[in-house]
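Shown next, in C-alpha cells, is the structure this report addresses.
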Amino acid sequence: MTELREIDSKWAKKWNRMKIFEADIGDKEKIFATFPFPYMNGPLHLGHAFTSTRVDVWARFKRMQGYNTLFPWAWHITGEPIAGAAKRVAEGDESQIRIFRDIDEVPEEEIKKFISPEYMARYYINDSKKSLIELGHSIDWRREFTTTSLHEQFDRFIEWQYLTLRDKGYVRKGTHPVVWCPNDESPTGDHDRLEGEGASPTEFIILKFEFGDAFLPAATLRPETIFGVTNMWINPDVEYVKINIAGERWIVSREAVPKLKEQKDGVEIISSFMGRELIGKVCREPIKGREIIILPAGFVRPDNATGVVMSVPSHAPYDYMALKDIQENPDEAEKYGITKESLMKIKPISLIKTPEHGEHPAIELVEEMGIENQKDAKLEKATEIIYKQEFYKGILGNITGKYSGLKVNEIKKQLLEDFIALHIADKMYELLEMVRCRCGTTCVVKILKNQWFLNYSNEEWKAKVREALQDIKIYPPEARANFENTIEWLEDKACARKTGLGTLLPWDKEWKVETLSDSTIYMAFYTIAKHLNLEKIPGSKLDRGVFDYIFYGNGNIEELSSKYDINTELLEEMRNEFEYWMPVDLRCSAKELIPNHLTFFIFQHVVLFDRSKWPERIGVNGMMSIEGEKMSKSKGNFITLKKALRENGASVTRASLLYASEGMRDPDWNTKSAKDMEIHLRNLFAMIKDASSLSFRKERKNIDLWLESRLQRHIKNTTDNLEELRTRSALQSGLFDVWRDIRWYLRRDKPEKDMVFEAIEIWVKLFSPYVPAISEEVWGILGKNGFISLAKWPEYNEDKINIKAEAAEDMLSELLSDIKNIIKVAGITPKKIFLYISPEWKWEVLETLSSMSKEKLKNAMKELMKRENLRKHGKEVSGLITYYTRKPERLRFIARIDERAILEEAREFIEREAKAEVEVHLSEDENIYDPAGKSRNAMPMKPAIYLE
RNA sequence: GCUGGGGUGGCCGAGCGGCUAAGGCGGCAGACUCAAGAUCUGCUGGCUCAGUGCCAUCGUGGGUUCGAGUCCCUCCCCCAGCACCA
C-alpha cells in the first residue's frame, strides 16, 4: 500500500527539482492550458482537484504529443470572504475558528495570525501549493502570482485593463438597485445572508393617483391595467404617512418610508394618520382623470411596496373577489361613510381580451375555479394563470388608446417609458421575501449611485462575443447552449465595490475592482509574470505604456525603455512571450462558472485583444459531491486536497477523481471507489514490474497481430477522447481497455517478448497523464531513459489494424464460451471436442446476402437458387436466410478468415481452457467422425461443436 | 418560477435510429493457498436449452418508424445558474 505513495512523492519531488515543466518560448508549436485561479479563503478541496487534474491530464497529453506546453498557476484573493473571515477571527467567532481548525487543519498558533487577511491568504497559498506539487501537476511555478496589491505588478496590470476598457467606452457610471444591509452599509450578496437566499429586487411600477395636494402611489407589476382601475385599496388599520419625496408629496404606509429613503432623494415625513381616514374619499386616476373611490381592504400589506394598491377586478382575481365581498356586505363599508349606492356603482372595466376567456378574464376564471371568497388559496393560482394568459396572448382593447389591438408583452416596455415620460409613473424596488444579513439586520433595496459598470449589455459587444464563441470549441458540446443563453440575458455588471480586497480603480480610488472583473484576462499576465518575477521588476515601472507595448506593440521601445527604466531586451522578450503563448488553448472549470466567469472571460478578450488572441477551447465539468452529497464545510463532509493526498496518495486521487464522471455530470467521490482504484493501480504496477519474468515464445502468431491491431484502436480512442477532454472515457480506453486486451493476450498463449513489451510501453504512455508518477517508475523499470512525462505520445497507425486477426479472435472467444456453455447445460465432462468448420457454400451465402440491399434480400432465396451449387442445399439455404435476415446485424460481414489455420494454431489454447483434446474437421469432408450430425450446424465464423 | 443540462441493470457509468445495452464496482462460484488477502477464470433480469433461442427492461404515459435508451409530445424527479457573490 505504501509503495504507491512513496512512488508518488518521489516523482513529485523529482519533477519539481528538475523543473521539467518550466516552459519557455521555443520553435515548437505551443499549448497554453489554464485553470481559473482558486479563491484562497481556505485550502484546495476535491472540487478544485477534479477540474485541475483534468487540465493537468490534458496538458500532459499535449506535452507528450510534442507541443511546447505551458500550465501556469495563480491565486485569487480579491473580494469579501477573506477580509470577512479575518474580521470574524478578530472577533473570536467560534464557528469560524472551528472551521479553520477542524476542516482546514490550521494549527492554533497560525489561526491567531489570521486576523490579517494577507497573512491568511499567504498561509493558504503556501499550503495549497504544496498539495498541488504533491498531486503531481505539471505546473510552471515561475509564473505564479496573486491578485490585488499583494502582487504589485498584477495590481498594475488590472489598472491597465480598466483604463483601457474605460478608454474604449466599456465602463460606465450608473445607478442600480441592490440588496442592502443598512447596518453594514454594504450590498448583501447571497453568501452574506442568514435568510432569503436567492431573493433579488423586484421592480414595482408606481402609478401616481392625484389626491388633494399629494399623490396616492399605487404599486403594481402590471401598469397597463391602469385603464381598468375601478377603486383603490387601503388598509384602514395601519398607519399611513404623508411624505415629501423628490419634490412631490406621496401618501404611503409608514413601513415604506425607510425603503424609499434608500431609493429616492429628499424623503421626509410630513404627517401621519391611520388608513381609515382615507377610506371613502376619492382620488383621480392620472390618464383620464376619472374619480376613483378608496375602499377598505385588510389584505393590503403595509410592508409591501407603498402599501397603496389599485383595484382592477376585470383582470385581477384578488381584486374581483375583494370587490365582490364588499359589495355583498355593504354594511362594513357603510361604517366608513361609503354609501351603498356608490359601492354598487362600481363595475369591472375590461381592457384585455384573451382567447381563453372573454372580456373579463379574471371574473370568468374565478367562477370556473369555483373560488368562494377572498381568503381562498386558489386565488394565487388564478392570478398566475391570468397573468400568463394576458401577458402572452391578451389583446389590449380600445380603452387603452394607442396600445389597442396589440399584445401586452409587445407594449409593456414602451408603455412604461411613456408613463414615466408623462410623470404619471415611477419605480420602486422591493424584496418579495424577507432577507436578513449575516449581521442579523433586515435588508432593503438600495439604489446605489455612481456605481461603475461594465457595459455587458452593449449589443455590439455581444455581437462580437457571439462571433468569438462560434470559433471556440466547447467541451462537452452540450454546454454551448448555456453560453449562448448567458450572452442573451447578460446586463451591465457592476465591476467595483467599496469593501474587501482588490485593485483600486485607477481613476476613482474609492472603489476596488471586484472579483469577477479582475479575473478575466489574467492569462495574458502569466506570459510575462515569469520575467516580472525573475527580474523583480517593481510595479512602479509598469505604466500603461509598458503594457501597451507588450500587448499591442504600441510605442517606441527605446523611448519606453528609458522612460520606465526597463531594458529593451526584456521589453522585447515580454512582448514575444505574450505573442507566443496567447491565445489560451484551454480554460476549464465547473459548470457553475458558465453564466459568469467563463462568459466574462470571452467578453473581455474580444475587446482587449486582437482576434488572434481569442480563446481556443473551454472545458466545463460537473460539481464534486462526496458520498452522494454536496460537499460543504457546514455539513462536515468537506474533503481537502491535502487530506485526500494523505489518505490516498496522488495517483489514486487523480485516477479516482477522473474516473468519477465526465461531461456536465456531477462527479462523486467515495472512499470505497478510491480504495478499489488503489487496488487496481497496485495490481497494474505489479503486473508490469513482473512482466520480464514471464516465459516467452519466439514465433509470431495471429494473437500478436490481434494485439497490435487492438492497441492501435486504443491509441486512437484514447487520443480522440483526450483531444476533446473526455477524461473519463480516455482513462477507460487507455488504462482499462488495454489492460483487458493484455490479459486476453497472456491467457491465449505465451507472450512474444517484443510484442508484449511494445504493448506495455504503449499502455503506460496512454495512462501516464492520469498516474504520471507510477508511469515514471514503470518507465525506469522498462529501462527507458528520461521522463515519460516528456516521452512521445503513441501515434495511431492504421496500417496495423488487422480485421482478420480481430475476427479470428472474436471467433475463438465465442467458440470457447459456446463450448463452456454446452458443457454446463449438458452436464458432461468431455474428453474430446470435435469442431466442424463451415462448408464453402455457407460462406458464399453469407457473402452474397451481406452484399444485398434491403429490397433484394426479400428475393434472396430466388436469387440464390439460381446457383447450381447452392440449389442442392435448398432447405438449408432457406434456413440460413431466415437466420441472417431475422437479425440483419448478423449479416455484418467482417472478413473471410482461414478458420482451419486459426483453430489449428489455437488448438492448445482451446484444449487448455476446455480441458479436453480437440479435433478439427471440415464439415464438407466425407467420412468425418460426426455421430450426432452436429456438423450441419457449422456456420461461417461459428464452427459446429460435438463433445464426447 | 425562469434558463440550461440530465434521469440507463444492486451501484458508478458508456451508448444518442439497427452490432451482443461497453467497461468498472459490488455479489456468487471455481482455480491457486495450510489459511487469509491478492491474483486468475466463469456467472451475475427471467425462461429455455448440446450452444447460434425466446421474453422483459433504459424516470412516466403516449406517438413517429420495418425497427427507439437513441427522434417527437405529456408529466414526474435530480443538478447548475438566476447577478454585484466567490
Side-chain angles (χ1 to χ4, degrees), chain A residues 36 38-39 41 76 78-82 176-179 187-193 198 200 384 448 451 453-454 456 476 478-486 488-497 500 514-517 519 590-597 620 622-623 625 628 630 659-668 670 672-673 675-677 679-680 682-683 686-687 726 728-729 731-733 736-737 739-740 743 746-747 814-815 817-828 854 883 886-892 894 913 932 934 937-939 941-942 944-947:
Chain A
Y39 189 71
N41 63 337
H76 198 203
T78 309
E80 293 285 335
I82 292 177
H176 203 70
V178 296
V179 177
T188 313
D190 263 356
H191 285 254
D192 305 323
R193 295 179 193 175
S200 59
E384 195 184 309
L448 262 191
Q451 167 88 309
F453 285 90
L454 284 164
Y456 286 151
E478 59 265 30
R480 181 175 293 274
N482 243 318
F483 282 92
E484 289 167 347
N485 202 254
T486 303
E488 295 319 307
W489 65 253
L490 201 63
E491 288 171 21
D492 291 357
K493 162 95 177 79
C495 62
R497 46 186 296 152
E514 156 297 331
T515 154
L516 283 168
S517 304
S519 56
K591 61 189 176 189
E592 58 169 349
L593 294 192
I594 298 175
N596 42 66
H597 167 75
V620 177
M623 312 276 291
S625 66
K630 209 182 215 174
Y659 203 51
S661 91
E662 70 187 11
M664 300 262 265
R665 296 254 187 112
D666 297 334
D668 184 51
N670 64 77
K672 179 82 177 58
S673 305
K675 288 292 156 222
D676 292 336
M677 185 58 79
I679 292 166
H680 280 307
R682 267 171 49 216
N683 296 341
M687 195 220 113
R726 286 186 297 265
R728 184 185 196 280
S729 300
L731 181 56
Q732 177 72 39
S733 57
F736 292 108
D737 291 351
W739 197 350
R740 216 162 51 98
R743 274 204 295 258
L746 293 175
R747 184 178 157 200
E814 262 179 63
L815 174 66
S817 106
D818 283 345
I819 291 173
K820 289 189 177 177
N821 204 359
I822 295 168
I823 291 174
K824 196 175 118 197
V825 270
I828 55 170
K854 265 188 228 167
Y883 171 72
R886 204 141 123 217
K887 282 202 172 173
E889 56 270 18
R890 284 171 179 151
L891 271 176
R892 197 183 42 126
I894 303 170
E913 292 281 331
K934 292 290 174 190
N937 291 338
M939 281 200 278
M941 303 294 288
K942 220 148 180 65
I945 302 160
Y946 174 66
L947 307 182

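Chain A is the first sequence line, chain B the second, and so forth, proteins listed ahead of strands; every chain is numbered from 1. Reckoned from all heavy atoms, side chains included, excluding hydrogens, waters and symmetry mates.
Annotation: B/G1 and B/G46 have their C1' atoms spaced 45 Å apart (nearest Å). If you take atom C1' in B/C25 and the same atom in B/G6, they sit 22 Å apart, rounded to whole Å. B/U52 and B/G15 are spaced 31 Å apart, taking the P atom of each and rounding to whole Å. Here, B/G69 and B/C2 have their P atoms 31 Å apart, quoted to the whole Å. Nucleotides B/A14 and B/U33, compared at atom C1', are 37 Å apart to the nearest Å.
Under 3.5 Å, the side chain of A/Asn596 and the base of B/A86 form at least one donor-acceptor pair of N or O atoms. Side-chain to base pairing of A/Gln732 with B/A22: no donor and acceptor N or O lie closer than 3.5 Å to each other.
Remark: P of B/G37 and CG of A/Asn683 are 14 Å apart, rounded to the nearest angstrom. Rounded to whole Å, the distance from CG on A/Asn670 to C1' on B/G13 is 13 Å. Regarding A/Glu491, its CD atom lies at a distance of 11 Å from the C1' atom of B/C82, rounded to whole Å. Protein atom CZ of A/Arg740 is 13 Å distant from nucleotide atom P of B/C40, rounded to whole Å. In this structure, A/Tyr659 atom OH and B/C25 atom P are separated by 8 Å, rounded to whole Å. If you take CG of A/Leu593 and P of B/C79, they are 19 Å apart, rounded to a whole angstrom.
Within the nucleic acid shown, A/Ile594 has no heavy atom closer than 4.0 Å to any nucleic acid atom.
Using the Watson-Crick or G-U wobble rule with both distances under 3.5 Å, B/A29 pairs with B/U41.
Candidate nucleotides B/G4, B/G7, B/A86 were compared by shortest atom distance to the side chain of A/Ala481, and B/G4 ranks first.
Residues A/Lys591 and A/Asp666 meet the side-chain proximity criterion, which asks for heavy atoms closer than 4.5 Å. Between A/Arg728 and A/Tyr659 there is a side-chain heavy-atom pair separated by less than 4.5 Å. In this structure, the side chains of A/Ile819 and A/Glu913 stay at 4.5 Å or more apart for every pair of heavy atoms.
Along RNA chain B, the nucleotide nearest to A/Thr515 and the one nearest to A/Gly663 differ in position, and the one closer to the 5' end is contacted by A/Gly663.
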